[in-house]
Number of protein chains: 2
Amino acid sequence: MSQEVKSQQNSELSPYEIITLKRDGEKLTEQQIKTFINDYSNGNIPDYQMSALLMAIYLKGMDPEETAALTQAMLKSGKELDFEGDLTSVDKHSTGGVGDKASFVLAPIASACGVKVPMMAGRGLGHTGGTIDKVESIPGFKAELELTDFFNMVQEHGLALTGQTKEIAPADKKIYALRDVTATVESIPLITASIMSKKLAEGALGIVMDVKTGSGAFMQKREDALALAKSLQKTAELAGRSFYYVISDMSQPLGHAIGNSLEMIESAECLKGEGPQDLEELSVHLAGAMIYLAGKAKSVEDGVDKAKAALSSGKALEEFREMIKRQGGSVDFIDRPDSLALASERTEVLAKQDGHIERINCKNLGLHCVKLGGGRRVQEDKIDHSVGLLFFKKIGQEVKMGDKIATIYHRKEQSDLVKKIERDIVERDVQISNQKVEAPPLIYETGESLSHKRKELA
Amino acid sequence: MSQEVKSQQNSELSPYEIITLKRDGEKLTEQQIKTFINDYSNGNIPDYQMSALLMAIYLKGMDPEETAALTQAMLKSGKELDFEGDLTSVDKHSTGGVGDKASFVLAPIASACGVKVPMMAGRGLGHTGGTIDKVESIPGFKAELELTDFFNMVQEHGLALTGQTKEIAPADKKIYALRDVTATVESIPLITASIMSKKLAEGALGIVMDVKTGSGAFMQKREDALALAKSLQKTAELAGRSFYYVISDMSQPLGHAIGNSLEMIESAECLKGEGPQDLEELSVHLAGAMIYLAGKAKSVEDGVDKAKAALSSGKALEEFREMIKRQGGSVDFIDRPDSLALASERTEVLAKQDGHIERINCKNLGLHCVKLGGGRRVQEDKIDHSVGLLFFKKIGQEVKMGDKIATIYHRKEQSDLVKKIERDIVERDVQISNQKVEAPPLIYETGESLSHKRKELA
């Protein structure tokens with residue numbers, strides 16, 4: 001091989017050549033991915049080249065090593081927290097669902113059991129709500145902490161909750177905005193890198209992932225949810241983190257409450273031992289997994305037992321109360337739910353026939369809340385914390401004509417909209433069968449991988 | 001079906017939804033393609049959405065109807081000439097090759113036989129030269145005509161040659177610039193729409209297409225060249241035009257001359273009946289097809305006979321002379337080749353072994369001319385008309401050590417470059433075999449389809 005050819009091979013490829021490789025289904029090297037992401041972050045690669053690469057990735061895929069390299073490149077675009085190998089640092093992430101307020105229940109439980117929980121969460125867009133929007137329905141709660149304050153709070157008290165700061169994986173923010181307008185969102189390697197770049201940046205040594213599937217989830221099909229879970233797991237492994245996933249059901253809302261204030265109230269009820277069974281069960285399972293990854297339990301089952309004990313002893317509720325106080329929030333709503341902003345108008349939705357709940361269009365229930373003002377259609381929308389709905393029935397339950405299916409919380413001027421929502425729920429979103437229907441399982445399957453350090457402990 | 005669902009189906013899709021459809025391999029409607037192209041032309045769709053769609057088209061393809069709709073949308077972005085159903089209007093297009101100066105020979109021949117030839121051509125980029133660059137080596141020749149002047153000249157005299165004006169298919173210009181930086185050039189539907197939007201805009205009722213294949217062509221593989229030819233043919237059919245294609249060999253230069261002045265001189269020699277055999281044969285064949293499509297011959301063979309007669313009678317040369325004069329050029333070079341700018345330095349490249357020419361890297365020969373300054377690496381490059389090379393040997397020919405393979409025309413200060421080119425030609429670009437080698441055919445295959453009106457005549 002001549003000297004000239006060699007030097008060409010060693011030299012960096014142009015953005016054009018990198019797009020060409022992926023377009024042709026070739027595997028990109030770590031260096032190629034790093035260069036492309038860095039140059040895009042710095043503004044040296046224009047949006048139109050990035051969107052061509054994103055579409056090529058969407059259609060040709062990326063293997064686990066490429067996905068890990070993409071994750072690292074996006075992670076390195078911003079700051080990283082470092083808990084200096086503290087095994088007890090574990091965070092949880094959900095791929096998003098309707099009525100999913102499990103974070104508010106599991107984080108205090110895990111914290112009560114000695115897990116360090118650096119919880120960074122997002123805002124809602126589309127049919128799913130956002131943890132940060134929900135917690136902001138608590139008067140005074142500061143959900144946008146400075147990164148150092150967040151870090152110190154976790155180190156000192158073991159638990160803090162904040163929105164994603166600008167310093168965390170800024171490349172993800174820029175790339176996500178582009179994916180959102182170029183039809184390149186639903187790609188497993190791109191979703192993986194987006195989620196994991198942020199999760200790894202938080203510095204937690206363990207990550208518990210709740211991958212939702214069903215009519216209210218982004219991954220409606222179970223095989224897609226599992227593929228995403230495996231991809232997330234592989235990326236965590238390559239980054240040396242412990243990882244645990246559940247594939248959980250999102251064919252109906254988790255608990256009853258959909259809407260910001262309503263969900264905070266239900267979370268508090270759950271921490272008092274008075275919450276809906278499915279919310280408690282999932283929260284306790286995920287908290288149990290966190291306790292296990294943190295080395296504070298011998299197995300997930302052992303972790304779940306500890307989680308249940310923390311819940312029934314009231315320790316978890318105490319942690320919840322303390323966290324809210326530390327972040328400037330009022331804890332009044334824990335004992336007086338109506339201290340939160342709640343829409344004064346309530347409209348009940350009644351069953352029009354006897355039977356068993358067969359199917360629920362869970363996404364549509366989430367969208368009703370968005371229409372009422374409880375969520376965002378576009379990023380700039382303002383949130384009304386007071387609106388939403390309580391959905392009472394679960395798949396498999398028997399209903400009689402006239403039974404209350406849901407209560408809509410709304411503003412006075414929304415009566416036309418509410419009539420439409422009422423009709424949609426009864427005629428379109430909820431299917432009632434003449435025959436008995438089996439309830440779906442809450443958790444379909446789980447998987448785990450322990451980091452080297454966690455294995456030593458086991 | 002409810003009224004609401006119906007109205008949603010009738011309403012226009014967003015750019016996002018159109019990208020999504022193509023991403024998922026769906027067929028786009030004529031209206032969707034039209035809207036997307038119009039909105040992109042008007043600046044209402046940003047480059048990053050167009051590049052995502054282009055990559056999706058590259059990877060998922062388009063069927064003939066989509067390709068035709070894309071062609072029409074790009075065509076309609078600009079002005080169109082209209083020869084009011086004049087069957088005799090026929091143009092020729094080549095997908096580009098090295099040393100391809102056939103247009104200069106076939107256009108006067110066809111014109112001499114009663115064909116109206118509205119010839120719009122491009123400039124060179126990369127390893128292939130451009131017709132407009134070549135003709136501009138004639139002192140005084142105006143190759144950038146106003147559209148109306150061009151039209152009138154064709155109507156009055158039957159032949160004119162101009163560069164693509166800005167008014168013709170401006171969407172193609174904008175899209176091509178984007179394809180060029182997003183690795184979406186080599187796509188048959190996109191190439192088809194790019195070529196055909198411009199060709200249809202010229203208003204010719206017949207189109208003769210020379211699709212090149214081999215080491216000097218864009219479509220190096222014969223099956224790709226054929227697929228492109230069929231796609232171009234189908235698009236022409238859907239636009240109601242007569243169409244004839246040849247798949248011709250570009251595994252070696254056409255004729256001997258590569259470089260602007262050198263190619264004009266060789267074209268004139270050919271019109272005087274003193275040109276290289278391959279150039280004459282291909283030009284006469286393509287002119288024959290034009291004469292046939294124009295209804296001035298019963299068959300391509302009959303057209304070829306008429307073309308040969310126009311060549312040997314000197315009528316074609318006369319047409320050539322008149323066209324140059326009409327467009328302000330000096331015809332001196334026809335009789336005195338050295339009246340064109342020609343580099344004073346000439347370096348001969350000699351064979352280093354005996355044998356038969358087995359293979360030629362034809363693209364590299366084109367790139368040597370670019371390096372000498374005779375072509376463009378990037379669109380902004382200036383052209384030096386005086387440089388280039390004469391390549392004397394054809395595949396299958398016998399050579400003896402010391403035989404002259406090529407003569408390089410260059411500037412004095414280029415001696416280092418010329419040494420490198422000399423070495424490249426001998427050691428890399430031309431392979432000589434000990435055994436006899438068969439010459440490739442000049443034309444691999446042809447195809448035709450006649451418009452409704454042309455069929456009536458037959």
Side-chain angles (χ1 to χ4, degrees), chain A residues 1-5 13-26 28 32 36 39-40 43-61 125-126 174-187 190 224 364 377-378 420-421 423-424 427-428, chain B residues 1-5 8 13-26 28 32 36 39-40 43-61 126 174-187 190 224 364 371 377-378 420 423-424 427-428:
Chain A
M1 194 183 293
S2 77
Q3 203 56 42
E4 193 191 340
V5 173
L13 295 186
S14 69
Y16 182 94
E17 289 165 313
I18 293 171
I19 299 168
T20 305
L21 284 175
K22 184 41 70 187
R23 179 197 77 186
D24 296 343
E26 301 288 334
L28 301 180
Q32 285 160 0
F36 204 101
D39 286 350
Y40 179 63
N44 292 328
I45 288 180
D47 284 341
Y48 55 77
Q49 285 189 316
M50 181 51 108
S51 68
L53 181 67
L54 289 171
M55 184 57 82
I57 292 172
Y58 185 103
L59 291 170
K60 293 292 184 165
L125 187 65
K174 194 173 173 186
I175 293 169
Y176 193 87
L178 194 58
R179 286 167 61 204
D180 201 33
V181 291
T182 55
T184 50
V185 168
E186 306 91 339
S187 152
L190 295 177
D224 293 339
N364 282 345
R377 261 173 271 237
V378 294
K420 187 177 176 328
I421 291 176
R423 201 174 56 231
D424 279 349
E427 292 175 8
R428 187 192 63 179
Chain B
M1 193 183 292
S2 77
Q3 203 55 42
E4 193 191 339
V5 173
Q8 274 184 348
L13 294 185
S14 68
Y16 182 93
E17 290 165 311
I18 293 171
I19 299 168
T20 305
L21 285 175
K22 185 41 70 188
R23 178 198 77 187
D24 296 343
E26 301 288 334
L28 300 180
Q32 286 159 1
F36 205 101
D39 287 349
Y40 179 63
N44 292 328
I45 288 180
D47 284 341
Y48 55 77
Q49 285 190 316
M50 181 51 107
S51 68
L53 181 67
L54 290 170
M55 185 56 83
I57 293 172
Y58 185 102
L59 290 171
K60 293 292 184 165
K174 194 172 172 187
I175 293 169
Y176 193 87
L178 194 58
R179 286 168 61 205
D180 201 34
V181 290
T182 55
T184 50
V185 168
E186 306 91 339
S187 152
L190 295 178
D224 293 340
N364 281 345
K371 282 177 210 145
R377 260 174 272 237
V378 295
K420 187 176 174 327
R423 201 173 57 228
D424 280 349
E427 291 175 7
R428 188 192 64 178

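Below, chain A is the first sequence line, B the second, and so on; all start at residue 1.
Proximity to chain A is limited to the side chain of D24(B), based on heavy atoms less than 4.5 angstrom apart. Heavy atoms closer than 4.5 Å to chain A are found in the side chain of L178(B), but not in its backbone. When heavy atoms are compared at a cutoff of 4.5 Å, L59(B) approaches chain A solely by way of its side chain, counted from C-beta outward.
Closest approach of A52(A) and S51(B) over heavy atoms only: N-OG, 3.9 Å. Minimum interatomic distance between Y48(B) and T182(A) (heavy atoms only, all atoms of both residues): O-CG2, 3.6 Å. The two residues V181(B) and I19(A) make their nearest non-hydrogen contact at O-CD1, 4.2 Å.
Separating the CE atom in M55(A) from the NZ atom in K22(B) is a distance of 11.0 Å, to the nearest 0.5 Å.
With respect to chain A, the highest number of heavy-atom pairs below 4.5 Å among A56(B), P15(B), S14(B) belongs to A56(B).
Counting only heavy atoms from C-beta outward, the side chains of E186(A) and R23(B) approach each other to under 4.5 Å.
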